[in-house]
Amino acid sequence: MKTEQVKELILQALEHEIGGVKVYTAALSCVVNGELEEEWTKYLEETRSHVTRLKAVCKAMDLDPQQDTPGRQVVRHVGGALVDAMQMAKAAGDAAAAELVACECVVIAETKDHLNWELLGKCAEHMKGSGADALQSASEEIEDQEDEHLYHTKGWCRELWIKSLGLKAVLPPPEEQKHVKTAIGAARAQQAADNAR
Ligand SMILES: [Fe+2]
Ligand SMILES: [Fe+2]
């Protein structure tokens with residue numbers, strides 16, 4: 001395994017979780033649906049804990065959590081752009097439209113978050129030396145949460161869009177009711193929603 005690239009991934013993941021706290025804070029200022037607000041409030045807390053866990057991984061690996069890299073700057077830029085997009089939508093004054101923008105922004109952010117933890121899990125399997133245990137236990141705990149963040153928010157995004165189109169929406173989405181945590185489970189949940197229309 002290439003140690004420098006593993007460090008790059010950890011620093012990008014940390015930057016992304018820091019940005020994630022800002023993304024969820026902005027998304028919560030746009031949310032209308034009470035159940036989605038409850039979900040995102042939980043995800044915000046989990047995202048905060050991911051920041052803490054990754055800082056601990058850095059410490060265990062003797063990696064400076066403040067160290068900046070070009071890749072990390074890109075992650076920060078994209079996170080800031082997502083926050084800007086939500087603020088722009090909110091300022092336009094249509095609450096339902098801003099909620100849809102927030103859903104899309106969370107899906108974009110959680111797609112990278114999900115990838116990061118999938119990759120960190122693979123790194124943990126192959127890692128030796130200091131930091132291996134910290135990364136292993138963090139990824140075991142967090143990968144499941146990231147599945148939920150991504151698949152459930154994708155379900156909310158799809159169903160709230162469908163509702164906005166005047167079509168029959170399934171709310172809360174089946175991903176939520178079925179506690180989906182896998183890609184195949186998410187595909188089945190979408191199928192269930194389509195069958196219900
Ligand atoms: Fe996360
Ligand atoms: Fe997440």
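From a predicted model like this one, the values you see are computed outputs, not experimental measurements. Sequence positions, counted from 1, serve as the residue numbers for this chain. Remember, it's 1-based here, ligands and their atoms both numbered in the order they're listed.
The CG atom of L119 lies 11.0 Å from the OG atom of S139; values are rounded to the nearest 0.5 Å. Expressed to the nearest 0.5 Å, how far OH of Y151 lies from CD of E110 amounts to 11.5 Å.
The Fe ion (ligand 1) has no N, O or S atom of E110 under 2.8 Å away, backbone or side chain. At a threshold of 2.8 Å, the Fe ion (ligand 2) has no backbone or side-chain N, O or S atom of E46 nearer than that distance. Inclusion of H50 in the first shell of the Fe ion (ligand 1) is supported: an N, O or S atom falls under 2.8 Å. The Fe ion (ligand 2) has H149 among its coordinating residues (N/O/S atom, backbone or side chain, under 2.8 Å).
Between H152 and E176, the side chains place a donor N or O and an acceptor N or O closer than 3.5 Å (distance only, hydrogens not considered). Side-chain contact annotation: W156 with E35, donor-acceptor N/O pair under 3.5 Å absent. No side-chain donor-acceptor contact under 3.5 Å links H16 and N116.
The name of the N, O or S atom in E146 nearest to the Fe ion (ligand 2) is OE1.
The OE1 atom of E17 and the OD2 atom of D113 meet at the Fe ion (ligand 1) at an angle of about 100°, given to 10°.
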